[in-house]
Structures are given as C-alpha cells and as structure tokens.
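Contents: one structure, followed by commentary.
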Amino acid sequence: MNKYTPIIGLEVHVELKTKSKMFCGCSAFYFGEKPNTHTCPVCLGLPGALPVPNKLAIEWCVKIALALHCKINEYSKFDRKNYFYPDLAKGYQISQYDLPFGEKGLVELKSGKRIGITRVHMEEDTGKLSHQEIDGKKVSLIDFNRSGVPLVEIVTEPDFDNALDVKEYLEKLQQIVRYLDVANADMEKGEMRLEPNISLTTTPGKLPNYKVEVKNINSFKFVEKAINFELKRQEKILENGEMPTQETRGWNEDKGRTFSQRSKEDAHDYRYFPEPDIPPIVMTKDEISKLQEEVPELPDKKLVRFEKEYNLPEYNAEILTRDKLLADYFEETVKKVKDIDAKTIANWIINKKVDYEKVSSEELLKQITASKQVAAIDENELHKFINEVIKENDKAVADYKNGKEASLMFLLGQTMKKIGKKVDTNRVLDALKKKIS
Amino acid sequence: MDIKKLTISQAKEDLKNKKYSSVELTKAYLERIKQLEPHVKAYMTVTEEEALNNAKEADNKIAAGEDLPLLGIPLSIKDNFSTKGIRTTASSKVLDNYIPPYDATVVERLKNAGIVLLGKTNMDAWAHGSSTETSDYGASRNPWNTEHLPGGSSGGAAASMAADETLGAIGSETAGSIRQPASWCGVVGLKPTYGRVSRYGVVAMGSSLDSPGPITKTVEDSALILQVLAGQDPHDATTGPNPVPDYTKNLAHDIKGMTIGVADDYFEGVNPEVKASVEDALKTFEKLGANVKTINLFSPKYAIAVYTILQRAEVSSNLARYDGIRYGNDRSFLGDEAKRRVMLGTYTLSAGYYDQYYNKALKVRTVIIEDFKRAFKDVDLIISPTSPTTALPVGATENQSMFGELADVLVEPSSIAGLCGINVPCGFSKAGLPIGIQIIGPQFAEETILNAAYEYQTENPLYLKKPNL
C-alpha cells in the first residue's frame, strides 16, 4: 500500500448562457465576436458606471446549487474581490464571499462515494488578454466582450483521492448544468474551467500543511493528467524528506507537466467587502421552492427510472440519459407507439447513432417499422429465384455441401438480391437449405 | 433682468411669459462667468457653445408651447457627473483628458427637463475633501470673501451659486459635500436620502453614501430640481421604488405643531457666532409654531471614525479602476489626498484588520441608524448647525489630513444613516461670512424638510443679500 494518500478538491467555473451579462445589458455571447463590440460603461468599468444584477443568472445559479443538493441562503449578497489585473476593468471582481447562494451540497459518484460541495456562488468573468506582435512590436490587447459574463463557481470539499473520481465528478457536473439548460459548458470554448487543489498526506483524514493549485485547465483529460503528474511530483519531494511548496501551478499539455506560476508569498489579499452598489439579495422560501420545482429530473434518477420503467440494461440507460435531449427524444418516441417495445427503440437509437436533431421521432418509428416489415412473396416465385441462384453458383453450392457454412449466407444474399424486395429472411433461408440438401 | 435677484421659479415664469429668451438669460450668465471666474474659480469647464445651443433649443420649445420642468434654465453641474462628450475630471489630473461616452442619469434627467448646461464646476479631487483645496486644478474661492474657501467637495457648485454664476447648481454629497459648502457660501443645499437620486454616472466616492442633490438660491428652487432628479433608476440598484411626491405642493404648508429635535452634542465645539445664529433660527421656528425639543443623540464625534473607515475602504476599491489602461492617466497622477485615502482604505480591509475596522464600523453604523430611528419617534425633524465654523481662509487645510472629516462632523451621522438633510442660510458672522442651519429628516422625508426650510426661508430671506464681487 502507498504510504501517501492524495487529497484533492476542485474549483470549477461555469459560464451561464444567459442572453445578457451579469451586471449590464450587453450580450453575453462573445465567442468569435469582433473584440470590444459587446461593451458598455458598466463592463468597461468607466467612471460612475454601476452594476445591476441579472435576475435570471441568479436564479440559474440557485438552480445549480439546488441540483447539487445545497442549502440555499435566503439572505445573500455580493462582495467585491479586490485585485489588479489589466483584464479586470473595475480593479475588483464582483463575487460572493461569506454568503454564497448555495452551501453544503453533495454529489454521489457511481461507486456510492459522496463528494461534498462546499459552496456554489455567482460572480462575473473578466476580459481576455492576448499578447501579440503587431508591426514587429510586442503588444498586449484586451477584449472586454467577456467582461461581466455570468460565472458560477462550484467548490468541492477535498474529498477526492484519485484522478478518475475527479473526472467522473466533472463529467457529472457538466451533465447537470446541461440538464438544467443553464450552461453549454463547452470545454473548448472555455465555458467550463477547472482548478484542482492537490496534496498528499501520510495521515488519511488530516490535511497536510500545503496544497498545490493547478489553474484554468480546459479538458477533463488534462485534469486527470495534471493530477497524476502532481501526485508523482509531490511524492518525490516528500520522499526526499522535503515539503512541496504551497503554490499555484499551470498545466503544459505539450510537455505533459505542471509548472510553477505563483508562490504563497505572492498570494493575494483580496480585501473582500460587501458590494455597496448592490443591495443584499433576499429570496423567500416560496421563490426557492419554485426554482426547485423547475429543476428537471437529473441524470442519476432518470437512469434508474429508465432501467425500471423501460426494462433497459444499465449500459443503454446510461447512454440515453447522458444528454437530456436524447433522453427526452427516446421517451417521446416510446410514447408514440404500442407495438414496438422500448428496448427496440433504445437499441435502434444507440446502434444507429440516431441524430435526434435530424430524425424526428415519427421518422425514427417509420424506419424501425420498415425494417420489420416483410413483403409477401409467392411460393412458386421464391422457388424460381432459388433455382436460378443454385444454377448460377454451382461452386458455392458445392462448397456449402462440403461444410462451408459461409457459402450458404452468400447464396442467401444472392437470392435476396434477385427477389429485390424486403422479404422474411428466415423463410428464404429455410427454403434455400431444403433445396440444397 | 437682474440675474442677482433671479430664482429658478421666477425665471421659469419670465421665460413662459417671454419677458426674455433663454438665449438672453444664458448670455447674461456666460457674461457674468467671464467677469467673475478669475476671482471665484468656480468652474472647471465652461460649456459656452453647448449652453447657447441648449438655450436656442429651449427657446424653440417655448415658442412651440412645450412645457418642461426646467426648460431654458441655466445650471452648473459638478465635475464628477459624467456628461456625454464633455470633459469630466472630478478635478483630478488622472481624468484630465477623459470625455465620457455617456450621461449620468442625473444629467440625462436634467437634459430631458430642458436645462441649459453652463459648465462643470470645480471640486475637491474625487470629492475627497471639504474645501476644494484638494482639487488638482486649484481651490475655488468663497464669493463672500475670496480670501476664504467655499467649502467642499461641491465648493465650485456652491460658489457658482453664491456668485450668481448660475441659476442653480448640481452637487453631490458623501458626508457634507453639499450641505457644508452651501453653508459656507450662504446658499441652500439639499442632500437627499441615499437611494432617492441615482448615482449612475457619478464618479464614485463612498458608494454606500453618495447622494446627488441641488444647490440653489431658494428652497423652492431645490424642490423644483429634486422633482426632476428623484426616482428609481434601472441603472442604479440602490435607488428605491418609493413614489416621488410633488415636492412643491406642500412647501408653504404651515409648520404649526411640528416637533423639532435639538441635541446638545451638536453644539459642542461650535463657534459661538455660529451657535448664536442657529439658536436665533430655532427661535424663528418656535415663532412659526414649531415645538423645539431637546433630544439625546449619540455624539457626532462617533460618526467620524465610522465614516472615515467606511468611506476610505470604498474609496480604495472605487479608485482601483483608474489604472490608465482604458482611459485617463495612470496612478502617478493621483494627488496626495487620494493616495492617503487609498492607503488607509486598503489597510482597513486587509486580512486580519477587517473585523477590527470595517466590520466594526458597519456595526456602529447600524447603531447610529437605530439612534436616529429612535429619535424620529419623538420628533419630526432635527436641527443643528451645518458646520462648526464659517468659511475658513485659503490654505486652512494644509497639513490637515483629517480636515474634511472634522469640518463635516455635524453632517456625518445623518449621512451614515442615509437620511435627508438641507442647509438653509440663517445668518452672517461679524466678518460677513454666511452661517447655515441644517434640517435633518428621516429617510424619504424630503417633503417635510423642504416644507420646514421653505417656511424658515420665507421668514428670513437671506438669499436677497448679495456678496460684493
């Protein structure tokens, strides 16, 4: 047994897909847009501009918290997180400090292991810096289109002890926000960003005196790699009788390693204080339970129900519930017919990789029915075709007689081709066998 | 027309009756500005072209029979209000070349009400101060004695009003910045309830305190302007949905039976001449039928620490955006006072000090709010001197890093509590400098304080007295 136990916690940022930004009316859609076209005095941090919170974004944040079984703070507020960076227009980020919208939730993994959710809070995204060379001069450019896009931060307890569980949790989280229809969580577009905190302890249950944070990773695979790399790196240091440095590191995918970005000494003091521009947010129990009602059946529950209700194997139920729209499509299709069972529909959707955006459930049912339907064929006609095939393929017939089973299938194929319409294959096969033997 | 005697309400009537045009009126003010600015230094920017265009437009509207609340009325606006296309510096060199692409809500409302913008007035840089001496462009002067300061931070606004370099002025107060300069310059200054007037577009100082408001010759004029400014703003989440009453309707209501609270602690350390003048004013109120009652209020001295901590903390965060990356100059252009405030605010918010300072100040703030609530159960209004002194001479703030906090000690408690208050001139010192009383009301009681102030001013119309300029 390894003498070190990994202790891993996660901070995940998810961008909400609201139409407008968190604190102004600008469009929150920035991907691929011309730089600095979705801006206003508020998200540019001009003198005198004030933030007005996006109500829908707050509701969505609460929904995420509810889906993660969090306790919702009826009295909540925004705080200013003060730090300097050129992409941060106001010199502070509006975030939440001691009263986040959601706290103390949990996510259950397949193994039954429970991961504690520390908090779910609302904040705003920053602008985007790009360092370029223009006319031979190195310059830094800032695009504020992303400045103020609603961002939800989900923080777990340090409950993970391996990278695979982390990956499972992240996939689950992504699935949940997509089920809620509040975020696309497209990793490649940076709509979901991951920051694992990693350390090793010799006494399970006891946190060591350091932790290493790996920042802004944008793929589940990279997180897995980064964690495993870190665990090895830290183990080596501990084996040498030293203590790993508490620091923030980045992930270099090309080199397959993490690298130091900022040490504890440069750690920020964010000087949080209540955002005076936004009155505290008070939510009534009624409002919260209304949002709870709007949380749809989540993948875990849906999977179990699919297994039971439609008598599906877990494997099928899992595939169908990965995507809420696919699950809905499946159920919609099942509801439309009586004579085709759910299992057949499930198999058809999975095996043929049906694109629910292109094939309507009616169309799908037509396909399935068509595949089952057999055309009528006259006995004499069938025999006529079989005789023709036998005559034309005497070698195959001989082969079959000599024990080559595959030749029979070849002859079947030839016969079907001659018939030219979809007839009951078994009947043709039987007739064929009888004739040859 | 004699602009020295003119009030907004009078000018409104004259314009309507076509006694003169808005262009003529505007030209008269522009002329006076030209003549007096070398001595008063009230303005940062005079927007002559804009003013004449506004006036022409107003005259066209008047001719077309349009009736807007402030149609054709020339006003000055403090230089911390964003004005689209017009330089807005907050009297700081950091914003020396900053031209806002948008109007503050207050400016937008005034424009919609038909005003003529004469220009932007000087102030303490970033509104940090009570003298205009921290302005990076030099101090304004008190029209009653140009060797003296006008007070601040809306010192340029109050001076422009007192010197008749405008018919009305827009200022802003965090704690004292409207009432104190109004007091020193002998004009009316109304600080509305926090959240009554939108802060959108006003260069932020203490965000939990900032309140824009009018500085005028008469109480009625303040009511006319407040009518335009007040109301919920979708751009400012701290503005309240409370309905806006007709502020001019009950101005002349008699105040018989009104109870006025007076707290001894608000007279402590107050200059004897000021004290005597305020006591005279209280007698006038009694004569008008009000009951003057001694009440207990926490000593205003407790407000100094609370105000200083909360305001410096907010300042340190609010000034962070002035990094010179997107607009304006970089931080090396910040003046000493701004730097001091950023340092102190940063310190009080730092890890390990937050509970000791900021959090504690928040708690005391709640205590002060409760103290006023308790007091307003027994009285309708509270009256005290606005400032412990009359206008101090130029140079008085040198090496006085807490000058503003001390000069504004009597207005800080009500500002911290988000209450409304109004300064009304009540007398003159032997040296000929104005003295003012402040009338403080509960939140959203602007109607009541305006009523009391109006009745007092009618009894003691000191605005008729003019400085020798």
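Residue numbers start from 1 in every chain, and the chains themselves are labelled A, B, ... in the order their sequence lines are given, proteins ahead of strands.
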#### Entry: chain B contact via A:Tyr272 - side chain, backbone, both or neither, heavy atoms under 4.5 Å
backbone

## Note on the structure
Among B:Ser350, B:Gly206, B:Ala204, B:Pro101, the residue with the most heavy-atom pairs under 4.5 Å to chain A is B:Ser350

### Query
In Å and rounded to the nearest 0.5 Å, what is the CG to OH distance from B:Asp323 to A:Tyr85?
13.0 Å

### Interchain contact, B:Arg199 with chain A, by part (heavy-atom threshold 4.5 Å)
both

### Summary
Distance col, row B:Ser317:OG vs A:Lys81:NZ, nearest 0.5 angstrom, shows 13.5 Å

#### Entry: Interchain contact, B:Tyr354 with chain A, by part (heavy-atom threshold 4.5 Å)
side chain

### Summary
CG (B:Asn318) and NZ (A:Lys90) are apart, to the nearest 0.5 Å, by 11.0 Å

### Query
A:Tyr92 and B:Arg321: side-chain donor and acceptor closer than 3.5 Å?
yes

### Task
Identify the heavy atoms of A:Ile278 and B:Thr238 that sit nearest to each other, and give their distance.
N-CG2, 4.4 Å

### chain A contact via B:Tyr347 - side chain, backbone, both or neither, heavy atoms under 4.5 Å
neither

### Query
Is the number of heavy atoms from other residues, nucleotides or ligands under 6.0 Å of B:Lys339 NZ greater than 12?
yes

### Task
Under 4.5 Å heavy-atom distance to chain A, tell me which part of B:Ser82 shows up: side chain, backbone, both or neither.
side chain

### Message
Is B:Asn80 close to chain A through its backbone or its side chain, or both, or neither, when contacts mean heavy atoms under 4.5 Å?
### Response
neither

### Query
Between B:Thr346 and chain A, which part of the residue has a heavy atom less than 4.5 Å away: side chain, backbone, both or neither?
both

### Contact class of B:Val202 relative to chain A, heavy atoms under 4.5 angstrom
backbone

### Query
Quick one: what part of B:Tyr98 sits under 4.5 Å from any heavy atom of chain A, side chain, backbone, both or neither?
side chain

### Message
Using 0.5 Å steps for rounding, measure from the CG atom of A:Asp269 to the OH atom of B:Tyr353.
### Response
10.5 Å

### Task
Tell me, out of B:Ser208, B:Ser316, B:Ala237, who's got the most heavy-atom pairs with chain A below 4.5 Å.
B:Ala237

### Part of residues 38-57 of chain A lying next to chain B, heavy-atom separation under 4.5 Å
A:Pro41, A:Val42, A:Leu44, A:Gly45, A:Leu46, A:Pro47, A:Gly48, A:Ala49, A:Leu50, A:Pro51, A:Val52, A:Pro53

### Query
Where on B:Asp236 is there a heavy atom nearer than 4.5 Å to chain A: the side chain, the backbone, both, or neither?
both

## Note on the structure
Whatever's closer than 4.5 Å to a heavy atom in chain A on B:Ala104 counts as neither

### Proximity breakdown for A:Phe273 and chain B, heavy-atom pairs closer than 4.5 Å
both

### Task
Check each atom of A:Asn82 against the heavy atoms of chain B and say whether the ones under 4.5 Å are side chain, backbone, both or neither.
side chain

### Query
Does A:Lys71 NZ have over 12 foreign heavy atoms under 6.0 Å away?
yes

#### Entry: B:Ala313 versus chain A, the contacting section by heavy-atom distance below 4.5 Å
backbone

### Message
How long is the straight-line distance from CZ of A:Arg80 back to CD of B:Glu314, given to the nearest 0.5 Å?
### Response
7.0 Å

### Message
Can you tell me if B:Lys93 has over 12 outside heavy atoms packed within less than 6.0 Å of its NZ?
### Response
yes

### Summary
Checked A:Gly91, A:Ala89, A:Pro86 vs chain B; the most non-hydrogen pairs under 4.5 Å come from A:Ala89

